[in-house]
Amino acid sequence: MMSRQLAQALREEQSYVSMLYDRLDTARELAEVALSTVFARGGGGTRQAVIEREVSADEHARRVAQLSAVERGLCFGRIDDSGGETYYIGRIGLRDDEHDSVLIDWRAPAARPFYVASPSDPASLVRRRHIHTRGRTVTGLDDEVFDLDRMAESDRRNLVGEAALLAALRRGRTGRMDDIVATIQTEQDRVIRSGLAGALVVQGGPGTGKTVAALHRAAYLLYAHRATLERRGVLVVGPNAMFSRYISQVLPSLGETEVVLSSVGELHRGVHATADDDPAAAVVKGDLRMAEVIEAAVRDRQRAPEGDLEVLIDVRTSVRGGVEVVVERMALRLDHDACLRARDRARGLGRPHNMARRVFVNKVLMGLAVDEARQLDRPYDEEDLRYARQALWQQASVRAALDELWPYLTPERLVGELFADPERLRAAGGLLGEEERSTLLRPEGSPWTVGDVPLLDEAAELLGEDDAEAKARERAAAEEREDEESYARGVLEISDLTGLMDAVSLAQRHHDTGPAVTTAQRAAADRSWAYGHVIVDEAQELSAMAWRTIMRRIPARSLTVVGDIAQTGSAAGAHSWAEMLDPYVKDRWREELLLVNYRTPAEIMDVAADVLKVVAPDQEPPESVRDGEARPRAVPHRGTDLRALVEEELEAIGDGRLAVLTPDTRHAEIAALFPLEDDPLESPVAVLTVNRCKGLEFDAVVVVEPMEILAQSPKGGQDLYVAITRATRRLTVLHDGDLPRMLDRLARGDK
């Protein structure tokens, strides 16, 4: 039965929260009306009026989207200070009709005491209250008192609740990561509010909240440095596409949409790689020597003939029986030295391969045109040779000969043909040993792996695109675009709208006839986009080549690196943060340690700590803040029905999520036992390999055959550590034969 004190407190807070939702509705209605009014004006008017209309529409549309996104959990906290003032904390800031603040944005400096106050350092707070809501209804309150003596008697009588953090941790998983905006802890707050410049490394063990803290950091940085980041956007790179879906709701729930989510396997446009290489191939592909191998592969495709170049061209044709036939051919010749000079001239320009190709082609065509004029005993001048070159380029034999010497290459063609041809690989891979080269060989047309993507990105840098036509169009439009941008800057300054949109974006929107394109959409479509900030999660898994790809996208070197060296499962991954970061930000990276495990119960973490002592004895496990509901257990596989075991665990956790974590070789067999959704995150039971479960969490976990997980890669011990620490409530290990020695605690049934 609800106490009288709690009922009274709930009524009071409900009244205030209802007022806030009224303010939210009013603000949203005003924004929607303003947006409709802008659209109702039509497309006429002066040029300045059109531009001002675009600025206004963009701002109102963004405001509507933001006000709609914060509906759930609008207000989640309250702080009372020693001066008798009360402040409510929420997802955004709201003001009343007198422009007084009625709700403080959680990112504002005034909200920080809500997150950092502690019994040992309460600052000026006497109480912190967490407000729990479902929809627009207040359902619960949790109070933390820092100075009881300074509280009013009426407030003392209405103290209610339990620790909000533990209440949140006890909730069942939903298949998607929730935000922690209402329960950010002090060490997480340090991460979130750390400065923008340089590289911040967030090193934290399982369950320390490093991922969700990094996502809140993205929202905070967009709030605190909007002028810097809004135009360039923020990139979040996770370990795989499933992880991106898992975290996809966090930032929109915080009112931020200008963020691109990607995995390493998706960083090359048009490629969505999900398969992993075997450990030997992963190590070779992840080595920085591969940058030189790709460069050598490009140079190997820039050739001169072994002797003179000879090409047969069609000189005269006739139509016979309705078919055009060649009746006369001519052999054109360009000597070997001239071909070498053409190649070296094109190389010496320092341009990407496909752009330099035009120079090589024109030089060779010129030489062939001169030989044609000589053989025909025909005088020529520069204009004659220009037309002759154009005519020669129409000849299929000429194009084929030039493509053989200096082909137009896509990254996919270069890398695909390189790995399919031992001779090409030998010519390009002088830095690699025979055994290393053999790990790279595979049939042409093989699916792309995650390890291929940094190589494709490297190739894209070296190849470039033959953009002659695009540049011609660009030159034709340059004067008009410059004029539009200049005019837009003037309008923004005159209208005092410079904080709402930049001139380039405004000019682009005015120029386009299609729907508005967001910064995130433009960035995702442009491989060469330079982001304002990059967050890399599970960063310990990235190879040196993958880091090279990431750094290409953040020239300002403003990034947040999130991970745990003890969980490195990739054979090409990090042994230390310095190893990966020093080549790029040697004196500009700093580290924050997260030492408290909020997710994993102490009983499960004790088992994980035993594994960690063996696989990474120099690493300390984080300390769990709570006990679990059940001891982790080991179950012999023989005679155990896995489906029945899973049903038993599902019944125990109620409305939650369960994962069956398998060795790679058993995944298909075990997945076939369960009727699963297309998206494992939507299913009550997810069957995953360890590599696919990184960054995820489940109420219950069944780890199948730990000995096979240990044996499947050189980092098998780290994989087992990851698997054991995915559970928030219950852990079962299913095994044949003896357990690994590092799991002896399970065999003994130790607490």
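- Within the structure, salt bridge (charged side-chain N to carboxylate O under 4.0 Å, His left out) pairs that include any residue of residues 399-411 comprise Arg357-Asp403 (at least two apart or interchain).
- Asn691 and Thr689 form no side-chain donor-acceptor contact under 3.5 Å, judged by distance and modelled atom types alone.
- Scanning for side chain to side chain contact (heavy atoms under 4.5 Å, CB included) contacts around Gln394 gives an empty result, with sequence neighbours left out.
- The closest side-chain donor-acceptor pair between Trp577 and Asp582, if any, does not fall under 3.5 angstrom.
- Each side chain to side chain donor-acceptor pair (under 3.5 Å) pair with one or both residues in residues 334-347, not counting sequence neighbours, appears once here: Gln302-Arg347.
- Atom CG in Leu542 sits 14.5 Å away from atom CZ in Arg548 (nearest 0.5 Å).
- In this structure, the side chain to side chain contact (heavy atoms under 4.5 Å, CB included) partners of Thr439, at least two apart in sequence or on a different chain, are Ala280, Ala281, Val284.
- For Asp278, there are no salt bridge (Lys or Arg N to Asp or Glu O under 4.0 Å) partners two or more places apart in sequence or in a different chain.
- When the side chain to side chain contact (heavy atoms under 4.5 Å, CB included) test is applied to Pro279, the partners found at least two apart in sequence or on another chain are Ala571, Ser713, Pro714.
- Applying the ring-ring contact (aromatic ring centres under 6.0 Å, His included) test to every pair with at least one member in residues 353-372, sequence neighbours left out, gives these pairs: His353-Trp406, Phe360-Trp406.
- For Arg527, the side chain to side chain donor-acceptor pair (under 3.5 Å) criterion is met by Asp457, Glu461, not counting sequence neighbours.
- For the residue pair Arg553 and Thr549, the shortest heavy atom distance occurs at NH1-O, 3.0 Å.
- Every residue was checked against the salt bridge (Lys or Arg N to Asp or Glu O under 4.0 Å) condition with Asp537, not counting sequence neighbours, and none meets it.
- In this structure, Arg389 has no salt bridge (Lys or Arg N to Asp or Glu O under 4.0 Å) partners at least two apart in sequence or on a different chain.
- Looking at residues two or more places apart in sequence or on another chain, you find a salt bridge (Lys or Arg N to Asp or Glu O under 4.0 Å) between Arg289 and Asp287, Glu436.
- The side chain to side chain contact (heavy atoms under 4.5 Å, CB included) test applied to Ala459 returns Ile294, Pro411, Leu414, Val415, Leu463, not counting sequence neighbours.
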